[in-house]
Undergrad: 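Mind looking over this structure? Questions follow.
Keep in mind that the numbers below use all heavy atoms, side chains included, and drop hydrogens, waters and symmetry copies. For clarity, every value in this text was computed on a predicted model and none was experimentally measured. Index from 1, following the sequence.
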Amino acid sequence: MFKGTDSLKFIDNTVTWGMHHPGCSNGAAFADLDNDGDLDIVINNINEPATIYRNNAVQQLNNHFIEVQLTGDAQNKFAIGAKVTIQQKDKIQTGYVNATKGFESASLQYIHFGTGTDSIIDKMEIIWPDGKTQTLVNVKTNQRIAVDFKNAGANLPRLMPVAARPDVKMLFTDITDSVGLLYKHQENNFNDFNVQAFIPHMVSIQGPKLAVADVNGDGLEDFFVCGAANQAGTLFQQTAAGKFVATNQQLFAADATCEDVNAIFFDADNDGDKDLYVVSGGNETEAKTASALDRLYINDGKGNFSK
């Protein structure tokens with residue numbers, strides 16, 4: 001448990017705040033379970049009951065809070081995606097309605113702000129998902145305030161898309177279609193949990209990794225993209241025109257059964273050019289099969305490789 005500060009740094013308060021329970025957990029959610037104005041925490045644990053931590057901040061500190069409950073339109077009852085901003089003197093806080101914060105960790109739809117010693121919020125602005133807004137002033141703290149979409153005002157003014165404004169010189173240009181990089185990673189249909197039921201996540205679908213180097217000495221960066229099992233890895237060499245061309249395809253096709261999980265360019269034979277080392281992995285094959293072996297491809301200095 002990390003305590004936030006106004007310097008953007010965090011302090012480890014796990015022990016100080018009494019949350020150093022040893023165990024294995026994979027989800028957490030927060031809510032004001034006892035309606036006293038601070039957020040309590042529920043943690044689901046593996047092979048033991050869930051842990052519930054009651055927050056004693058209201059009883060121990062002289063701080064205030066505001067909780068915002070939004071009611072959206074008929075198609076978005078909980079106003080998912082709405083934004084709430086509160087302003088206290090020179091401080092501004094922003095919250096979004098987004099219940100799910102992680103795996104098995106969905107919390108209540110309310111937005112909760114701590115306001116410190118301030119008992120009045122100078123200004124509260126709600127921006128609904130469709131752009132309509134509401135503004136409240138001089139809002140008292142220590143309450144749950146309900147705001148309904150039906151009382152929203154006009155939409156925020158929308159700017160013309162940057163691409164449509166003739167006065168703007170674009171910093172980035174979409175060149176996807178012009179570089180000729182015709183590649184799509186294709187994972188094979190394999191479930192790791194059928195082989196190892198107790199692993200925390202599948203390890204055979206973590207690609208593709210990339211390795212980058214100038215393999216032919218022309219001053220342009222080329223790259224190798226790892227392939228999945230039964231998909232060959234591909235080496236793309238860059239041309240002076242900024243396009244990419246697949247090379248050495250027959251060489252890498254011979255090792256298509258391998259699951260490429262990582263790759264790196266380095267000078268293996270100390271001749272001044274970049275050779276390629278590719279790591280094999282995955283759960284599909286037995287450890288002693290040839291497709292589980294790593295591979296080393298030697299560069300002739302011109303971008304032509306041999307295994």
Side-chain angles (χ1 to χ4, degrees), residues 102-103 170-307:
F103 177 66
M170 302 299 291
L171 182 62
F172 291 92
T173 303
D174 186 352
I175 61 170
T176 306
D177 295 333
S178 64
V179 297
L181 192 55
L182 302 176
Y183 180 84
K184 182 178 181 181
H185 187 72
Q186 298 283 358
E187 280 291 345
N188 59 309
N189 185 17
F190 178 80
N191 191 328
D192 292 66
F193 299 120
N194 291 336
V195 178
Q196 292 177 286
F198 296 108
I199 57 177
H201 51 76
M202 293 201 293
V203 298
S204 296
I205 58 172
Q206 295 181 335
K209 293 293 184 67
L210 300 176
V212 180
D214 178 8
V215 300
N216 56 358
D218 62 355
L220 302 173
E221 286 190 325
D222 314 299
F223 71 93
F224 177 83
V225 55
C226 292
N230 300 315
Q231 180 191 26
T234 307
L235 175 64
F236 287 98
Q237 292 189 21
Q238 188 177 175
T239 69
K243 297 181 182 295
F244 288 89
V245 179
T247 64
N248 296 269
Q249 292 174 286
Q250 186 175 356
L251 173 68
F252 298 119
D255 294 321
T257 57
C258 300
E259 175 92 24
D260 302 342
V261 297
N262 215 334
I264 188 172
F265 285 106
F266 74 108
D267 190 1
D269 52 5
N270 200 30
D271 64 352
D273 56 32
K274 297 295 184 180
D275 308 303
L276 175 63
Y277 188 92
V278 182
V279 182
S280 300
N283 275 337
E284 293 94 327
T285 59
E286 297 292 335
K288 295 183 179 180
T289 61
S291 59
L293 297 175
D294 296 350
R295 292 100 66 200
L296 176 63
Y297 302 96
I298 298 299
N299 188 356
D300 68 355
K302 300 178 181 180
N304 301 310
F305 287 79
S306 58
K307 184 178 177 182

Undergrad: Output the distance between atom CG (Asp260) and atom CD (Gln231), rounded to the nearest 0.5 Å.
TA: 9.0 Å
Undergrad: Could you grab the distance from atom CG of Leu220 to atom OG1 of Thr239, nearest 0.5 Å is fine?
TA: 7.5 Å
Undergrad: Minimum heavy-atom separation for Glu221 and Phe244, please, with both atom names.
TA: O-CE2, 3.9 Å
Undergrad: Quick one: pull up CZ in Phe224 and OG1 in Thr247 and give me the separation to the nearest 0.5 Å.
TA: 10.5 Å
Undergrad: Sorted by first residue and then second, give each side-chain hydrogen bond (donor to acceptor under 3.5 Å, both in side chains) pair with at least one member in residues 264-281; sequence neighbours left out.
TA: Tyr277-Asp294, Ser280-Arg295
Undergrad: Only counting residues at least two apart or in another chain, list the ones meeting side chain to side chain donor-acceptor pair (under 3.5 Å) with Asp174.
TA: Thr176
Undergrad: Which heavy atom of Cys226 sits nearest to which heavy atom of Pro208, and what is that distance?
TA: O-CB, 3.3 Å
Undergrad: Give, for atom CZ of Phe265 and atom CG of Asp214, the distance between the pair rounded to the nearest 0.5 Å.
TA: 10.0 Å
Undergrad: Between Gly303 and Leu235, what is the shortest heavy-atom contact and its length?
TA: O-CD2, 4.4 Å
Undergrad: A side-chain contact here means heavy atoms from C-beta on lying under 4.5 Å apart; do Val215 and Gln237 qualify?
TA: yes
Undergrad: With rounding to the nearest 0.5 angstrom, report the CG to CZ distance, Asp222 to Phe236.
TA: 11.5 Å
Undergrad: To check you understand the geometry: which heavy-atom pair defines the closest contact between His185 and Gly227, and what is its length?
TA: CE1-C, 4.0 Å
Undergrad: Please output the side-chain donor-acceptor pairs of residues 249-256 that fall under 3.5 Å, not counting sequence neighbours, one pair per line with the distance.
TA:
unit_1: Asp255; atom_1: OD1; unit_2: Lys307; atom_2: NZ; d: 2.8
unit_1: Asp255; atom_1: OD2; unit_2: Tyr297; atom_2: OH; d: 2.5
unit_1: Asp255; atom_1: OD2; unit_2: Lys307; atom_2: NZ; d: 3.4

Undergrad: For residues 190-197, which side-chain donor-acceptor pairs fall under 3.5 Å, sequence neighbours excluded?
TA:
unit_1: Asn191; atom_1: OD1; unit_2: Phe193; atom_2: N; d: 2.9
unit_1: Asp192; atom_1: OD1; unit_2: Ser204; atom_2: OG; d: 3.4
unit_1: Asp192; atom_1: OD2; unit_2: Val203; atom_2: N; d: 3.4
unit_1: Asp192; atom_1: OD2; unit_2: Ser204; atom_2: N; d: 3.3
unit_1: Asp192; atom_1: OD2; unit_2: Ser204; atom_2: OG; d: 2.8
unit_1: Asp192; atom_1: OD2; unit_2: Asn283; atom_2: ND2; d: 2.8
unit_1: Gln196; atom_1: OE1; unit_2: Asn283; atom_2: ND2; d: 3.1

Undergrad: Report the residues that fulfil side chain to side chain donor-acceptor pair (under 3.5 Å) with Thr173, sequence neighbours left out, ordered by chain and then residue number.
TA: none
Undergrad: Nearest 0.5 Å please: distance from the CD1 atom of Ile175 over to the NZ atom of Lys243.
TA: 9.5 Å
Undergrad: Under the side chain to side chain contact (heavy atoms under 4.5 Å, CB included) test, which residues partner Ala229, sequence neighbours left out?
TA: Asn188, Glu259, Glu284
